[in-house]
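Read through the structure below, which is laid out as structure tokens, and then see the notes.
Lettering follows sequence order; numbering is per chain, from 1.
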2 protein chains.
Amino acid sequence: MTQLERSHLAIVRAVDQYGSLTAAAERLNLTQSALSHAVRKLEDQLGVALWTRESRRLRPTQAGEYLLSVANRLLPQLTHAEARLRQFAQGERGTLRIGIECHPCYAWLLKVVAPYLAAWPDVDVDVKQEFQFGGIGALFAHEIDLLVTPDPLYETGLRFEPVLDYEQVLVVGPQHPLRAAPFVQPEQLARETLITYPIAIDRLDIYTQFLLPAGIRPKRHKPIETTDIMLQMVASGRGVAALPRWLVEEYAPKLELTAVRLGTQGVTKQIFVGIRAADAQTAYLRAFVELGREHRN
Amino acid sequence: MTQLERSHLAIVRAVDQYGSLTAAAERLNLTQSALSHAVRKLEDQLGVALWTRESRRLRPTQAGEYLLSVANRLLPQLTHAEARLRQFAQGERGTLRIGIECHPCYAWLLKVVAPYLAAWPDVDVDVKQEFQFGGIGALFAHEIDLLVTPDPLYETGLRFEPVLDYEQVLVVGPQHPLRAAPFVQPEQLARETLITYPIAIDRLDIYTQFLLPAGIRPKRHKPIETTDIMLQMVASGRGVAALPRWLVEEYAPKLELTAVRLGTQGVTKQIFVGIRAADAQTAYLRAFVELGREHRN
DNA sequence: GATATGGATGAATACAGCTCATGGATAGCT
DNA sequence: AGCTATCCATGAGCTGTATTCATCCATATC
């Protein structure tokens with residue numbers, strides 16, 4: 001009977017965000033009275049209180065919290081749909097919302113984005129790196145349109161495709177004793193300082209695929225945000241790091257770095273790009289995947 | 001500038017569904033004129049045609065198709081939110097929307113649902129078995145609240161938990177030569193008729209984990225929809241099937257069936273239930289997971 | 001050509017939602 | 001305690017938007 005309207009979602013969200021009806025009303029370009037009326041009507045029609053009036057403060061009830069979560073989920077999708085429609089209005093434009101879930105993915109992405117932007121001047125590219133529900137969740141929730149990740153998920157209405165195979169190697173500086181070694185064994189890192197990106201150990205390949213199986217931990221573990229600084233540190237002998245071989249080779253002209261194989265077999269990795277199956281026909285998305293595949297080398 | 005309203009989504013969807021403005025108008029309890037005005041205004045404000053008028057038929061444009069996909073995605077979520085709020089209004093009721101992705105899951109589910117319904121008289125249970133984007137996608141899209149599946153997905157805002165470990169066995173009838181065998185080798189099925197549920201071979205464990213690794217295919221492969229009929233067929237000697245051991249044992253009193261281990265090691269499987277992390281606190285959902293865990297046996 | 005069907009349009013109208021004006025409650029301050 | 005500022009509630013009245021009504025136009029069908 002009651003139709004939950006967009007305005008209702010907007011109200012719930014604004015009240016939560018600004019803390020009071022008065023403040024929310026201002027943001028929504030309404031009078032406080034209008035909001036009060038609207039809220040009352042909504043609650044009447046639903047038959048649930050969405051807020052409890054504690055003196056002069058509004059505290060959301062359980063139902064209010066629920067409706068808020070719905071609003072936070074759906075409103076962004078509505079605004080994005082509007083934006084997308086406006087892009088249709090301006091000819092075939094688009095926004096490619098890319099999510100990335102691993103640091104080497106970012107370096108790879110940078111290389112692909114440049115030619116993509118050149119080929120698709122009318123498409124904007126947006127990159128997001130933080131997801132409440134993980135990259136896969138962001139794809140499903142339409143927060144992003146394309147995911148770059150080392151962990152694909154098959155058969156679910158998503159399409160994943162490998163775009164890059166690479167070898168994860170140990171990077172050492174010019175003074176380092178391992179410099180000339182053909183490969184490194186886990187034990188040889190027991191007395192080293194290991195520099196990594198600041199993410200959980202169970203998401204770092206050097207741990208999961210190399211150190212932990214051998215039961216080894218490095219002497220010290222230092223997290224660093226950016227690749228550049230990380231490699232500067234390595235070059236100056238402050239520690240060693242694990243990175244893709246191609247990434248190390250790119251820095252080789254600038255910094256004196258050596259890549260050493262991890263174990264006798266080496267640690268190999270893949271990067272994938274995933275899109276929603278429903279988007280598989282969208283030209284500017286498709287094009288990115290194909291461009292990525294060409295960059296496989 | 002233009003606010004995309006719920007009514008707009010409803011219009012787009014109704015027009016698609018009923019094929020004409022006139023028919024859609026009737027369904028929406030509006031006059032044809034009202035719809036025509038509304039459509040015109042929407043298109044004006046968006047600056048895009050949503051339909052091309054071909055003589056007297058409306059064909060959606062690309063933008064129209066897009067908006068339709070948005071509508072089909074968001075409208076169900078809105079209506080479900082309304083339903084959920086109405087449930088809040090009636091005290092702590094709820095609807096538990098369960099999705100299942102495997103046939104043995106269904107048999108297991110039946111066993112758990114009965115005590116659950118008894119313990120939560122105010123909660124309705126809904127079971128869905130078909131998902132456009134797979135079970136995981138349905139969870140993310142809020143089509144279901146709980147997924148029963150053999151394939152969990154960790155770290156993405158979803159919580160999976162194993163609820164049942166079981167052994168997948170070969171079921172044979174009372175006349176069958178394998179009846180007394182301690183286990184069966186893949187080659188021994190080369191001259192058999194294999195009865196399975198009607199799903200793709202790469203989702204059938206007996207193929208992926210037993211036959212295909214050995215390069216064997218059964219003489220005949222017969223798909224059957226229901227477990228009961230399947231086991232009737234097996235009991236009457238028309239073929240063999242692969243099912244969970246516990247399921248076979250349940251039918252043992254009624255039908256003369258024998259379970260034979262697949263290979264020397266046996267094929268072991270797990271069933272998991274998954275929920276959205278955001279729902280982990282919802283009492284009636286939590287209760288189901290816990291009830292499921294107790295039924296592990 | 002006659003008829004049926006479906007969409008468009010302009011003017012009239014009805015009603016939902018807004019504003020205005022005001023009142024009550026409470027927290028914070030002096 | 002009193003004073004004041006802040007916030008929400010309420011009713012009456014207004015306004016604008018969405019709807020209807022009446023009508024017209026286009027085209028497919030027979």
Phosphate OP1/OP2 of [N]: any [X] side-chain N/O under 4.0 Å:
{"X": "A/R40", "N": "D/dA9", "result": "no"}
{"X": "A/T31", "N": "C/dT19", "result": "yes"}
{"X": "A/S36", "N": "D/dA9", "result": "yes"}

Between atom [atom1] in [X] and atom [atom2] in [N], what is the gap in whole Å?
{"X": "A/L58", "N": "C/dT26", "atom1": "CG", "atom2": "P", "value": "14 Å"}
{"X": "A/W51", "N": "D/dA9", "atom1": "CH2", "atom2": "P", "value": "10 Å"}
{"X": "A/D44", "N": "C/dA16", "atom1": "CG", "atom2": "C1'", "value": "15 Å"}
{"X": "B/L35", "N": "C/dA8", "atom1": "CG", "atom2": "P", "value": "10 Å"}
{"X": "B/E5", "N": "C/dG17", "atom1": "CD", "atom2": "P", "value": "11 Å"}
{"X": "A/R59", "N": "D/dC8", "atom1": "CZ", "atom2": "P", "value": "14 Å"}

Return the set of residues passing side-chain hydrogen bond (donor to acceptor under 3.5 Å, both in side chains) with [X] (not counting sequence neighbours), or none when no residue passes.
{"X": "B/R159", "result": "none"}
{"X": "A/R53", "result": "A/E43"}
{"X": "A/H37", "result": "none"}
{"X": "B/E161", "result": "B/R293"}

Exercise for the section: Take the C1' atoms of the five end pairs on each side of the helix from C/dG1-D/dC30 to C/dT30-D/dA1, derive the two axes, and give their angle rounded to 10 degrees. Expected result: 30°
Practice task
Using heavy atoms and a sub-4.0 Å distance, could you list which residues of residues 16-30 of chain A are near DNA chain C? By number, please.
Solution key: A/L30
Practice task
Would you check if B/T149 and B/I100 make a side-chain contact, meaning some heavy-atom pair closer than 4.5 Å?
Solution key: no
Handout entry: Within residues 61-72 of chain B or reaching into it, pairs that qualify as side-chain hydrogen bond (donor to acceptor under 3.5 Å, both in side chains) - sequence neighbours excluded
Key = B/R13-B/N72
Practice task
Any side-chain hydrogen bond (donor to acceptor under 3.5 Å, both in side chains) involving residues 23-33 of chain A? Give me the pairs, sequence neighbours left out, ordered by first then second residue.
Solution key: A/Y18-A/R27
Practice task
Please check if atom CD in B/E290 has more than 12 non-hydrogen atoms from other residues, nucleotides or ligands closer than 6.0 Å.
Solution key: yes
Handout entry: Whether over 12 other heavy atoms sit under 6.0 Å from B/E225 CD
Key = no
Exercise for the section: May I ask you to decide whether A/R276 forms a salt bridge with A/D279, counting only side-chain N to carboxylate O separations under 4.0 Å? Expected result: yes
Tabulate atom names and distances for all N/O pairs under 3.5 angstrom spanning the protein and nucleotides 28-30 of chain D.
from   : atom 1 : to    : atom 2 : distance (Å)
D/dA28 : OP1    : B/S55 : OG     : 3.0

Exercise for the section: Answer yes if the side chains of B/H221 and B/T196 hold a donor-acceptor pair under 3.5 Å, and no otherwise. Expected result: yes
Handout entry: Residue pair A/H142 / A/R97, side-chain donor-acceptor N/O under 3.5 Å
Key = no
What side-chain donor-acceptor pairs closer than 3.5 Å can you find for residues 4-11 of chain A, not counting sequence neighbours?
from : atom 1 : to    : atom 2 : distance (Å)
A/R6 : NH1    : A/E82 : OE2    : 2.3
A/R6 : NH1    : B/L4  : O      : 3.0
A/R6 : NH2    : A/E82 : OE2    : 3.3
A/H8 : ND1    : A/E5  : N      : 2.9

Practice task
Ignoring the backbone of A/Q32, work out which of C/dT19, D/dC8, C/dA8 is nearest its side chain.
Solution key: D/dC8
Practice task
Heavy atoms under 4.0 Å is the rule here; annotate nucleotides 11-17 of chain D 5' to 3' with B where the base is hit, S where only the sugar-phosphate is, and - elsewhere.
Solution key: B------
Contacts table for residues 120-129 of chain A: side-chain donor-acceptor under 3.5 angstrom, sequence neighbours left out:
none

